[in-house]
2 protein chains.
Amino acid sequence: MSLRHAMLGLLADKPASGYDLMKLFETSLANVWPANQSQVYGELARLAGSGLVEVSAEGPRGRKEYALTDQGLTELRHWLTEVEPARNRRSDAVLRVFFLGVLTPVEAAAYLAREEARAAQQLATLKGLEASIDWDDDPLSVNGRLALEFGLRFSAMYGEWARWATEQIQPGAPAPETGS
Amino acid sequence: MSLRHAMLGLLADKPASGYDLMKLFETSLANVWPANQSQVYGELARLAGSGLVEVSAEGPRGRKEYALTDQGLTELRHWLTEVEPARNRRSDAVLRVFFLGVLTPVEAAAYLAREEARAAQQLATLKGLEASIDWDDDPLSVNGRLALEFGLRFSAMYGEWARWATEQIQPGAPAPETGS
DNA sequence: GTTGACATGTAATTGGTTACATGATTAG
DNA sequence: CTAATCATGTAACCAATTACATGTCAAC
């Protein structure tokens, strides 16, 4: 149940409404744990029901601002220190590699070349993100940088692997152009 | 719907029963697309219903062996060449990094050190796998090696990142021991 | 006054996990 | 004869996605 803890984690920084949390998911957690509007509102209600968060203020348009309770902070710390992270092992893109044998070598190489291009594109996007964010020194921002670095390293690794794999299935063939 | 295509992919190599597929998921696809018994039998029935696979033989204990149909192969090839892979972006372990600010620096460093150790352990497991498998030259085996290489590179990258991140949050501290 | 952002909620569906339930065949 | 493996299925539940539904407030 990472969604629940992601929300507690965001609220640990400062109180927020469901709408605020939604925006935070979009802008900072999108690459590690996407969540949508339905999920956020639903979980927020459940969290309030179990006393991990509470309504700390009400505003215009029915806005309800939630704050982490002591119990919520305890639960968050417990999760971070005692609960073994779930290993999210699924990867559609790597799964496909197992089955490249049903394609012609040219088609298989094209698949890997597209993945390499995708990785390069993702790397560029993340570098853009890194440059555009105003990295202040609140904890979420500091640690967000660590997570972003993971994304940068992952994209680089993935691109290199895809290039290597292309070479493996087309021994001796010249490396294909990766631009458009 | 990667499960469906993973099953078609396995059946493209050779006909198999639900039980066989289950074992194949455990032994070869577990690290990229785990699936359990309920899922396999349910999907197999649906696949047969839509004509992508068919019962090719029956055996003892109610065993039903399924084979890929022409339609199934077409669908598999379509998926591999035309359908953009889903990007599976969720990572519980990296999500947690955003929230390390609620822990003491020592606790946060301990989290990252445990992740580094986990990566090292995973790397060792995969190297063991690589050594133990008899890599014949059927397509599933050849391409399985490419996927395994991805796992090796991922584990190495993840361990290095975790070590780097530990250093970031404890500037100047000596690198912790990672062995047992 | 109308458009866009703010703001909250519910319903239906899909995909995955866990647990339940049963039985046949083979090897020792 | 008995334990392990082979073999198939169903039911309940949980998490996530998509779509539906509604209404307020501020800026132009």
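Sequence lines set the chain letters: A, B, ... in the order given, protein chains first and strands last, and positions in each chain run from 1.
Legend: residues meeting side-chain hydrogen bond (donor to acceptor under 3.5 Å, both in side chains) with Q168(B), ordered by chain and number and at least two apart, are W164(B).
The distance from atom CZ of R89(A) to atom C1' of dG15(C) is 16 Å, rounded to the nearest whole Å. The CD-C1' distance, from E58(A) to dT24(D), rounds to 15 Å in whole Å. Atom CG of L24(B) is separated from atom P of dC6(D) by 12 Å (rounded to the nearest Å). Between L3(B) atom CG and dG15(C) atom C1' there is a gap of 9 Å when expressed in whole angstrom units. In this structure, the CD atom of E26(B) is 14 Å from the C1' atom of dA7(D), given to the nearest Å. We find that CG of L44(B) is positioned 16 Å from C1' of dT10(D), with the value rounded to whole Å. Across the protein-nucleic acid pair, M1(A) atom CE and dG16(C) atom C1' stand 16 Å apart, rounded to whole Å.
Both N36(A) and E43(A) sit near DNA chain D, but only E43(A) has its closest nucleotide nearer the 5' end.
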Would you mind building the protein contact string for nucleotides 6-11 of chain C? One character per nucleotide, 5' to 3', B for base within reach (heavy atoms under 4.0 Å), S for sugar-phosphate only, - for untouched. BBBBBB

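The residue from E58(A), E65(A), K23(A), R63(A) that alone fulfils the side-chain hydrogen bond (donor to acceptor under 3.5 Å, both in side chains) condition with S17(A) is R63(A).
The aromatic rings of W79(A) and H5(A) lie parallel to each other, with less than 30° between the two planes, well short of the 60° mark.
Using a 4.5 Å heavy-atom threshold, the side chains of V83(A) and R96(B) count as touching. Residues V97(B) and W161(B) have side chains in contact (heavy-atom distance under 4.5 Å, counting atoms from C-beta outward). Side-chain contact between L68(B) and L52(B) is absent, with no heavy-atom pair separated by less than 4.5 Å.
Note on R90(B): only backbone sugar-phosphate atoms sit closer than 4.0 angstrom, heavy atoms only; bases stay farther off.
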